[in-house]
Amino acid sequence: MGLQACLLGLFALILSGKCSYSPEPDQRRTLPPGWVSLGRADPEEELSLTFALRQQNLERLSELVQAVSDPNSPQYGKYLTLENVADLVRPSPLTLHMVQKWLLAAGAQKCHSVITQDFLTCWLSIRQAELLLPGAEFHHYVGGPTETHVVRSPRPYQLPQALAPHVDFVGGLHRFPPTSSLRQRPEPQVTGTVGLHLGVTPSVIRKRYNLTSQDVGSGTSNNSQACAQFLEQYFHDSDLAQFMRLFGGNFAHQASVTRVVGQQGRGRAGIEASLDVQYLMSAGANISTWVYSSPGDSGAGCWSVSGRHQFRPTFPASSPYVTTVGGTSFQEPFLITNEIVDYISGGGFSNVFPRPSYQEEAVAKFLSSSPHLPPSGYFNASGRAYPDVAALSDGYWVVSNRVPIPWVSGTSASTPVFGGLLSLINEHRILSGRPPLGFLNPRLYQQHGAGLFDVTHGCHASCLDEEVEGQGFCSGPGWDPVTGWGTPNFPALLKTLLNP
């Protein structure tokens, strides 16, 4: 009877809008550049919302993540299964019951959850959603390079105070699809013809990072790699096959993905999705590759590892549980030479996540020794610092919609390359009876970037004001917030990461 009265009280709060709280005090209220409002959404139109339910045992989960990721721990490599994680973090029975009854009373339908039961996605009418979330006001918007249509609320929402111990946030209201970091740059002008390459291809990457034709997957191990595509960005099998015909002739490779999980659209291929698949499968060559596909309009998957659902729908590069990849370019255009900072490479210090213990020593050393720091008011020196590593990000060839496209640039290019090389290292580990690497960062920082080329020249772009004058952080010896520990030297990196 007490629970029933509580639920009736909750529904009364929905109707009255009193005794409410804001689960996201930092809710964005400004429209991103390039987006236009098309007006209020029809009250009977349906939309899906995702409710993040309060997880349990997060401190214990954090301890376990650290233990299985630390080479000095006896638990190193003894990973939890998804079922183990679900048993640990699953919301309490009270949370599950309260939220489900609250949504049912509001008219939510077609709700589905995940194995950990900490995310619940439901369909509601606009009218029901605005009643459920006081303050929300849904509008249609269009924007982005592909004229994406989304429904969002420009106003902050609130929840009944009684749900404060049970709901962390509601996804699908405010965040717009992020702008791709990819750019197509003009062709550099150079003189002379000796030793030139005509843009970054798999052969250029393999030569720069010292891979031989033998550095490919065996095709026999229980090893796989994956990437994800969102925002109605899809790759095409025909583009991948053409890319491998053009650029994969000197190493063993697979010309098709093993499996697509989710909806694979039939529209035009997206250049970012094409690049991810083509360079993951050419760097991590001859390894089984899966693609996770979602037509949804959130920027990236919400993968909660620790913290209170801190991996919100725009999976941030600054998360302490992500190995973040910065960008470099060749010091001499068209020559496979040493690398310098690609000025569009991201990097810096998070305003959301505190600095994790694994990088304390490296970051403190950088802050105390760098001769070129922005003014202290421009960055949060105690925040999680990134990137952790880097790879070439300038001047890639990509095949999209059956057209070879040159000079594609951005850290969206460097990330699948580094990921593919780690897949090759996992191949060696699995074949020698060891577990895959798992979360790399604690080991990476303990080994002080062993197996990586240290990038020591260049700065990334920053604010164009009188004090900073466009110069951000600069690279230097050791770790820096522009290229991390550096770019891969594959034979040395393999030797460093193969044991234990």
Side-chain angles (χ1 to χ4, degrees), residues 182 185 187-188 190 192-217 243-244 246-253 275-276 278-287 323 325-345 387-398 406-425 427-428 444 449-458 460 475 477 480 482-497:
L182 290 178
R185 293 180 175 172
E187 178 178 347
V190 296
T193 59
V194 178
L196 295 183
H197 66 83
L198 299 177
V200 175
T201 65
S203 294
V204 171
I205 289 169
R206 297 177 77 84
K207 183 174 182 180
R208 167 56 187 157
Y209 296 143
N210 293 325
L211 282 84
T212 71
S213 61
Q214 303 304 308
D215 290 317
V216 296
F243 177 85
M244 289 302 184
L246 289 172
F247 303 119
N250 61 353
F251 57 92
H253 61 266
L275 182 149
D276 282 346
Q278 290 164 18
Y279 280 91
L280 180 65
M281 293 184 67
S282 55
N286 209 36
I287 291 175
T323 298
V325 185
T328 62
S329 58
F330 285 121
Q331 190 167 3
E332 297 293 336
F334 291 122
L335 295 176
I336 303 178
T337 58
N338 293 335
E339 295 163 71
I340 60 173
V341 172
D342 185 348
Y343 71 90
I344 65 171
S345 176
D388 305 296
V389 293
L392 286 165
S393 60
D394 186 28
Y396 278 63
W397 280 90
V398 181
W407 314 122
V408 176
S409 301
T411 51
S412 293
S414 56
T415 300
V417 167
F418 206 101
L421 299 186
L422 291 179
S423 296
L424 293 180
I425 294 173
E427 179 89 357
H428 285 269
L444 184 70
L452 299 168
F453 292 119
D454 195 4
V455 180
T456 58
H457 293 91
H460 63 38
S475 62
D480 57 70
V482 190
T483 60
W485 288 106
T487 62
N489 178 5
F490 183 75
L493 190 61
L494 173 62
K495 182 178 180 181
T496 297
L497 296 179

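Each residue takes its place number in the sequence, starting with 1. What you see below is based on every heavy atom in this structure, not just the backbone, and it leaves out hydrogens, waters and symmetry mates.
The NE2 atom of His457 sits 9.0 Å away from atom CG of Asn338, with the distance rounded to the nearest 0.5 Å. A distance of 10.0 Å separates CG in Leu452 from OH in Tyr209, rounded to the nearest 0.5 Å. One finds the OG1 atom of Thr201 at 10.0 Å from the CH2 atom of Trp397 (value rounded to the nearest 0.5 Å).
Counting only heavy atoms from C-beta outward, the side chains of Leu421 and Ile205 never approach each other to under 4.5 Å. Contact annotation: the side chain of Pro202 approaches that of Phe251 to within less than 4.5 Å [non-hydrogen atoms, C-beta and beyond]. Two residues are said to be in side-chain contact when any heavy atoms from C-beta on lie closer than 4.5 Å; Gln278 and Val398 meet this criterion. Between Leu275 and Pro416 there is a side-chain heavy-atom pair separated by less than 4.5 Å. Side-chain contact between Leu335 and Phe330: absent, with no pair of heavy atoms (C-beta onward) separated by less than 4.5 Å. Taking 4.5 Å as the limit, every side-chain heavy atom of Thr328 sits out of range of all side-chain heavy atoms of Ser393.
Formation of a donor-acceptor pair under 3.5 Å by the Ser414 side chain with backbone atoms of Gly326 is found in this model. Side chain of Arg206 to main chain of Thr212: a donor-acceptor pair is present (N/O by atom type, distance under 3.5 Å, no hydrogens or angles). In terms of modelled atom types and a separation under 3.5 Å, the side chain of Asn286 and the main chain of Gly217 share a donor-acceptor contact. For the pair His253 (side chain) and Ala285 (backbone), a donor-acceptor distance under 3.5 Å is absent.
Applying the salt bridge (charged side-chain N to carboxylate O under 4.0 Å, His left out) rule to Glu339 yields the partners Arg208; only residues at least two apart in sequence or on another chain are considered. In this view, Asn210 and Asn489 satisfy the side-chain hydrogen bond (donor to acceptor under 3.5 Å, both in side chains) rule, not counting sequence neighbours. Scanning for salt bridge (charged side-chain N to carboxylate O under 4.0 Å, His left out) contacts around Asp276 gives an empty result, with sequence neighbours left out. Not counting sequence neighbours, Thr456 has no partner by the side-chain hydrogen bond (donor to acceptor under 3.5 Å, both in side chains) test. For Asp454, the side-chain hydrogen bond (donor to acceptor under 3.5 Å, both in side chains) criterion is met by no residue, not counting sequence neighbours.
When all heavy atoms of Ala283 and Val417 are compared, the pair lying nearest together is CB-O, 3.6 Å.
Between Trp485 and Phe418, the ring centre distance reaches or exceeds 6.0 Å.
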Just list the side-chain donor-acceptor pairs under 3.5 Å for residues 490-497, sequence neighbours left out, or say none.
| unit_1 | atom_1 | unit_2 | atom_2 | d |
| --- | --- | --- | --- | --- |
| Thr496 | OG1 | Ala492 | O | 2.9 |

Practice item. Apply side-chain contact (heavy atoms from CB on, under 4.5 Å) to Leu392 and Thr487, showing your working. Key: CA-CA 8 Å; Leu392 286 165; Thr487 62; over 6 Å; no

Practice item. Apply the test side-chain contact (heavy atoms from CB on, under 4.5 Å) to residues Met281 and Met244: give CA-CA distance (whole Å), side-chain angles for both, the deciding distance (0.1 Å), then the verdict. Key: CA-CA 9 Å; Met281 293 184 67; Met244 289 302 184; 3.9 Å; yes

Practice item. Go through Thr415 and Leu280 one step at a time and tell me if the side-chain contact (heavy atoms from CB on, under 4.5 Å) criterion holds. Key: CA-CA 9 Å; Thr415 300; Leu280 180 65; over 6 Å; no

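Checking Ser409 against Asp394 by side-chain atom types alone, a donor-acceptor pair falls below 3.5 Å. Defined by atom type and a distance below 3.5 Å, a donor-acceptor pair is present between the side-chain atoms of Asn250 and Ser203. Between the side chains of Thr323 and Asp388, no donor N or O sits under 3.5 Å from an acceptor N or O.
In this structure, Tyr396 and Tyr279 have perpendicular ring planes: the angle between them is above 60°, well past the 30° mark.
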